[in-house]
Each structure stands twice: as structure tokens, then as C-alpha cells.
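Since the structure comes first, as C-alpha cells, the remarks are kept for the end.
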Amino acid sequence: MSGVWGWFGGGAAAKQKNNPKNAILALRSQLEMLQKREKHLQNQIDEQDGLARKNVNTNKTAAKSALRRKKQHEHSLDQTLGQIGTLEQQINAIESANINRETLAAMERAGEAMKQIHGKLTPEKVDETMYDFAQLRATESQSFTDNIYRAKLQEQNALSEEIVEAMNSINLGNQVDEVDLEEELDALRQEELDQKMLETGSVPVDAIQRLPAVANGEPKGKAPAIEEDDEEAELRKLQAEMAM
């Protein structure tokens, strides 16, 4: 009967040991699916962008519909990218925790092995044995051997403390600074604007629209007479790019 209960207990322990691996496999499967969705959404965005460019001068309604679908796909893509980042952080955290657990288990097994090797051996018995041996062999130093044994024990204790400190200092990952992302996006936009100016020799229409009111000759603090919606502005941007 004890063997049967031991079999059941061993099965539960094996299942618990495989839990981290199963969790990592499940997360990686979900991550692969999200990455495929990311590619699909990007293809949809490119397709709608091309459709809007195609109809920008011939069919304004179709161009607006394409831009509207493009924005929906871009919103879904942002959500998917956020989910991908979360899954990657979880996978890294589980892998790190699993490695730490395996390392700790290995050290526990090593400690048990040392206990079995030493048996009932104690520092006092070592001292006594070395004292007797020193009486027989005057040329050997009992204190030297005892110090070596104690130094080895101290090394093992120091190693255990380092592992505990390393496990306590685990960080699940640095959070991305949104301000840095915004600055990088602004730099990319400025780089694209500079490239267009070098290629065409003129300032793009969308760049002129982004200039301050005073730079465009408009009085400071005076609002434009007509406000265009986002779709009209994006259509004008497409027309300017295709004119170049």
C-alpha cells in the first residue's frame, strides 16, 4: 500500500515540476499566434493605405473609407503589440524563476550528498583524529589541515549566500519609458521631413501645416477660419505626397 501511495506522490511531484515548462510552452504558442496576427494586421494596413492613395483624386468616399479601415487596423495592431510585450515579459520571468529553482534544488542535493559523505564526522572528531595523527607523524601540522577544512566550509556558506542574494535581486524587466518613445518618434518624423526636402527641394505640405501660426504669416493667437477634420487633412497629405 505504501508503494501505491508513493507512486501517486511521485506522479504529483513530476507534474508540479513540469508546470513551469508547460506554462512556457503555452505562452510561446500564444506568442506565436499574436506574432502572426501582427503580420496580418500590418498587411491590412498597407493594403488600405494603398487603396486610399489610389482613390485620393478619383473617389473621395472610397479613399475616406480606406483610411477609416486603416485606423481600425492600426488600433488593433497597437493592442496586439502590447499583448506580445506582456507575454515576452512573462516568459522571461518564468524561465528565470525556473532556473533559480533548479539551481537551489541542485545545491540542496549537494548538501545532502556532503552530509552522507561526512556521516557522523564533526569538527571535534577531526581535531581529535588529527591530533592523534600528529603524535604519530610529527612532521604534519594538525592546525593546517583543520584550517583547510574550515575554509572549505566557509566557501560553501559564502556560495550559498551569493545565490540567495542573486535570487532576491531578480528583476522582471525594465519598463519602457513612454517619453523616450515619443522623442524617438519625433526624431523619425524630422528625419523623414529632411529627406523629403532634400529629394524635392521644397517643403512638403504637411510640414507647412505643422509650422507655428507666426511662421506661416498668421497672427499669434488667432484660430484658422476653417477647421478640417482628420480625414480631410490626411487626404490632403496623400495628395501632396503623390504630387511629388
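Only heavy atoms go into these numbers, but all of them, side chains included; no hydrogens, no water, no symmetry mates.
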Looking only at atom types and distance, does a side-chain atom of N59 sit under 3.5 Å from a main-chain N or O of N55, one as donor and one as acceptor?
-> no
If Ile, Leu, Val, Met, Phe, Trp and Tyr residues are connected whenever their side-chain heavy atoms lie under 4.5 Å apart, and connections chain through other members, are I99 and I24 in the same group?
-> no
On a heavy-atom basis, the closest approach of A66 and A52 is CB-N, 3.8 Å
Least distance between heavy atoms, R37 atom then T80 atom = NE-OG1, 3.2 Å
Side chains of E88 and N92: is there a donor and an acceptor less than 3.5 Å apart?
-> no
What's the spacing between Q30 CD and E32 CD if we round to 0.5 Å?
-> 10.5 Å
dist D49:CG -> L67:CG (nearest 0.5 Å) comes out at 7.5 Å
Flag the pair E95 and R28 as a salt bridge only when some basic side-chain nitrogen lies within less than 4.0 angstrom of an acidic carboxylate oxygen.
-> yes
M33 with L87, same ILVMFWY side-chain cluster at under 4.5 Å = yes
Least distance between heavy atoms, L34 atom then Q83 atom | CD2-OE1, 3.4 Å
Between CD1 on residue I84 and CD on residue Q35, distance to nearest 0.5 Å = 5.5 Å
Exactly one candidate in E74, H73, K70, R69 meets side chain to side chain donor-acceptor pair (under 3.5 Å) with Q48; the answer is R69
How far does CD of E38 sit from CG of L81, to the nearest 0.5 angstrom?
-> 5.0 Å
Distance from E183 atom CD to L188 atom CG, nearest 0.5 Å?
-> 12.0 Å
Enter the distance from L41:CG to D46:CG here, rounded to the nearest 0.5 Å.
-> 11.0 Å
Might you point out which heavy atoms bring T58 and K54 nearest each other, and give the distance in Å?
-> OG1-O, 3.8 Å
Could you walk me through whether T86 and Q90 pass the side chain to side chain contact (heavy atoms under 4.5 Å, CB included) test, one step at a time?
-> CA-CA 6 Å; T86 300; Q90 290 179 345; 4.0 Å; yes
Are a donor atom and an acceptor atom from the side chains of D194 and Q190 found within less than 3.5 Å of each other?
-> yes
Judged by atom type as modelled, is there a donor-acceptor pair below 3.5 Å linking the side chain of N98 to the main-chain atoms of I94?
-> no
